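Here you go, one structure.
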Amino acid sequence: MHQGKMLAELIASEQPCVALTGAGVSTESGIPDFRSASGIWKRYDPQEYATIEAFRRDPVKVWDFYSKRLDVLGKAKPNAGHRALARLERAGLVEAVVTQNVDRLHQSAGSRDVVEVHGTISSATCVRCGTRLEPDELTALLATSRAPECPACGAVVKPDVVLFGELLPVAAIERATALARGAGLLLVVGSSLEVWPVAGLPQEALAAGGVVAIVNRDPTPYDDAASLVVRGPAGEVLAAAADVLRLPVA
Ligand code: NAD
């Protein structure tokens, strides 16, 4: 694929490369994204299911939504796009993956340095006393309760995803910003670049002298500023780039 070759050349020439991924890297694993025509926010109003106010108002309703997502995400497998990013990292051609996804598919595919700026869905934390529920404990509680309660104090726990209205984990967003500023190439994959502060990372990279490449099905606000825009499926495009670079598959 011609565009895979162009992307491979950019990755090789503009080191270090940092990947910034969004929901679009996981749609080929059967996980719907948020803002596309078939996205989650077309069926669920984020104000009712994904804000911190909604959680305070009606945690059972919010947990019903996240339990369904946890079921879907728990069964999903990494796709060629996740695997290509892990191949690039193993070859020293991707420094780290900054992801907005909470599905852990980058880690399952073998990526080692993954910065989760929107948290993870697989654990939960008590909003009252701070007790953390590990994935196994959370799964066990969800089997018997619609809104799992903290074993220490009895308050309803909150999934460790960043809800709208919450601050991003400070260490993760600081590391993501430093990576973007130090990147020769910020490779954006499957993100509408509409959710802040992550949407500011391409500008951080550009202002520090880096370049931006975008692999996304729909247009983004940064297309005009990007050195390369590929409108293809992320899995196919990234795998083509890794193949051009002759990177081992596993
Ligand atoms: P998005 O849905 O806004 O954008 C996904 C993009 O990926 C779209 O532009 C689409 O064209 C593209 N795409 C879809 N499939 C593709 C494919 N196979 N190949 C290439 N491109 C593809 O998702 P986003 O940018 O990740 O949104 C930002 C974040 O907002 C989400 O990751 C999520 O973490 C988040 N958020 C969610 C919650 C929540 O669920 N509670 C709360 C806060 C923020």
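Since the structure is predicted, the reported quantities are computational estimates derived from the model, not experimental observations. Counting convention: from 1, in listed order, for ligands and their atoms alike.
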>> Could you tell me, atom by atom, which parts of ligand 1 come under 4.0 Å of a heavy atom of G24?
In response: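 Selected atoms, number and element: 5 (C), 7 (O), 13 (N), 14 (C), 15 (N), 16 (C), 17 (C), 18 (N), 19 (N), 22 (C).
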
>> Within ligand 1, which atoms have a heavy atom of S192 less than 4.0 Å away?
In response: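 This gives 1 (P), 3 (O), 4 (O), 5 (C), 6 (C), 9 (O), 25 (O) as the contact atoms.
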
> Does the pair E116 and R104 meet the rule for a salt bridge (Lys or Arg N to Asp or Glu O under 4.0 Å), with working shown?
Replying inline: CA-CA 9 Å; E116 293 176 311; R104 300 196 75 88; 3.3 Å; yes

> If we ignore angles and hydrogens, is there a donor and acceptor under 3.5 Å between the side chains of Q100 and S191?
Replying inline: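 Q100 vs S191: donor-acceptor pair found between side chains.
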
>> I need the nearest protein heavy-atom contact for atom 21 (N) of ligand 1: residue, atom name and distance, please.
In response: R217 N, 3.0 Å

> Does a donor on one side chain and an acceptor on the other come within less than 3.5 Å for T139 and D136?
Replying inline: no

> Should the proximity of E28 to ligand 1, defined as any heavy atom under 4.0 Å, be assigned to the side chain, the backbone, both, or neither?
Replying inline: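 The side chain, only.
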
> Nearest protein heavy-atom contact for atom 9 (O) of ligand 1: which residue, which atom, what distance?
Replying inline: N216 ND2, 2.9 Å

> With a 4.0 Å cut-off on heavy atoms, does S36 reach ligand 1?
Replying inline: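 It does, in that a heavy atom of S36 comes within the 4.0 Å cut-off of ligand 1.
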
> Nearest protein heavy atom to atom 27 (O) of ligand 1, by residue and atom, and its distance?
Replying inline: R35 NH1, 3.0 Å

> Y49 pairs by ring-ring contact (aromatic ring centres under 6.0 Å, His included) with which of F65, F164, W63?
Replying inline: F65

>> T27 versus ligand 1: do any nitrogen or oxygen atoms come within less than 3.5 Å of each other?
In response: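 It does: an N or O of T27 is found under 3.5 Å from an N or O of ligand 1.
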
> Which is it for H118 and ligand 1 at heavy atoms under 4.0 Å: side chain, backbone, both or neither?
Replying inline: side chain

> If you count the atoms of ligand 1 from 1 in the order shown, which ones are under 4.0 Å from a heavy atom of P233?
Replying inline: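 In order of number, 19 (N).
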
> Short question: side chain of E14, backbone of I11 - any donor-acceptor pair under 3.5 Å?
Replying inline: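 Looks like no, no N/O pair under 3.5 Å.
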
> Looking at atom 25 (O) of ligand 1, what's its closest protein heavy atom, distance included?
Replying inline: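 Here the closest protein heavy atom is S191 OG, 2.7 Å.
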
> So between W196, F164, Y66, whose heavy atom ends up nearest atom 40 (O) of ligand 1?
Replying inline: Y66

> Which residue holds the protein heavy atom closest to atom 33 (C) of ligand 1, what is that atom called, and what is the gap in Å?
Replying inline: F34 CE1, 3.4 Å

>> Using side-chain contact (heavy atoms from CB on, under 4.5 Å), reason through H118 and V198 one step at a time and then give a plain yes or no.
In response: CA-CA 9 Å; H118 288 165; V198 170; 4.0 Å; yes

> Which residue supplies the protein heavy atom nearest to atom 30 (O) of ligand 1, what is that atom called, and how far is it?
Replying inline: V195 CG2, 3.5 Å

>> If we ignore hydrogens and angles and just use 3.5 Å, is the side chain of E204 paired with the main-chain N or O of G200 as donor and acceptor?
In response: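 Between the backbone of G200 and the side chain of E204 there is no qualifying donor-acceptor contact (under 3.5 Å).
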
> Just checking, is any N or O donor in the side chain of S67 or R146 under 3.5 Å from an acceptor N or O on the other one?
Replying inline: no

> Could you walk me through whether L179 and V98 pass the side-chain contact (heavy atoms from CB on, under 4.5 Å) check?
Replying inline: CA-CA 9 Å; L179 283 164; V98 175; 4.0 Å; yes

> Short N/O distance, under 3.5 Å, between L163 and ligand 1?
Replying inline: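 N/O-N/O distance under 3.5 Å: no.
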
>> Quick test: of every protein heavy atom, which one is nearest to atom 19 (N) of ligand 1, and how far off is it to 0.1 Å?
In response: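 Protein heavy atom at minimum distance: A234 N, 2.9 Å.
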
>> Starting from atom 28 (C) of ligand 1, what is the nearest protein heavy atom, named by residue and atom, and what distance separates them?
In response: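 I find the closest protein heavy atom is Q100 OE1, 3.0 Å.
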
> Can a non-hydrogen atom of G232 be found less than 4.0 Å from any atom of ligand 1?
Replying inline: yes

> Going through the checks in order, is the salt bridge (Lys or Arg N to Asp or Glu O under 4.0 Å) test met by D64 and R69?
Replying inline: CA-CA 9 Å; D64 279 346; R69 294 239 319 129; over 6 Å; no

> Is it true that V162 lies under 4.0 Å from ligand 1, counting heavy atoms only?
Replying inline: yes

>> Given 3.5 Å as the limit, does a donor-acceptor pair link the side chain of N101 with the main chain of A23, or not?
In response: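 It does hold such a pair.
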
>> Under 4.0 Å, counting heavy atoms only: does W41 come that close to any atom of ligand 1?
In response: yes

> Taking it one step at a time, do K5 and D243 satisfy salt bridge (Lys or Arg N to Asp or Glu O under 4.0 Å)?
Replying inline: CA-CA 9 Å; K5 185 160 183 284; D243 288 346; over 6 Å; no

> Should A23 be counted as touching ligand 1, given the test is an N or O pair under 3.5 Å?
Replying inline: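 Yes, there is a polar N/O contact under 3.5 Å.
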
> Can S111 and H82 be counted as having a side-chain donor-acceptor contact under 3.5 angstrom?
Replying inline: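 Distance-only check fails for S111 and H82.
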
>> When you compare ligand 1 with G22, is there at least one nitrogen or oxygen pair between them that comes in under 3.5 angstrom?
In response: no

> Using a heavy-atom cut-off of under 4.0 Å, does the side chain or the backbone of D218 touch ligand 1, or both, or neither?
Replying inline: both

> With distance as the sole test, does S29 use its side chain to make a donor-acceptor pair with the main-chain N or O of I31 at under 3.5 Å?
Replying inline: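 No, because the side chain of S29 does not come within donor-acceptor range (under 3.5 Å) of the backbone of I31.
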
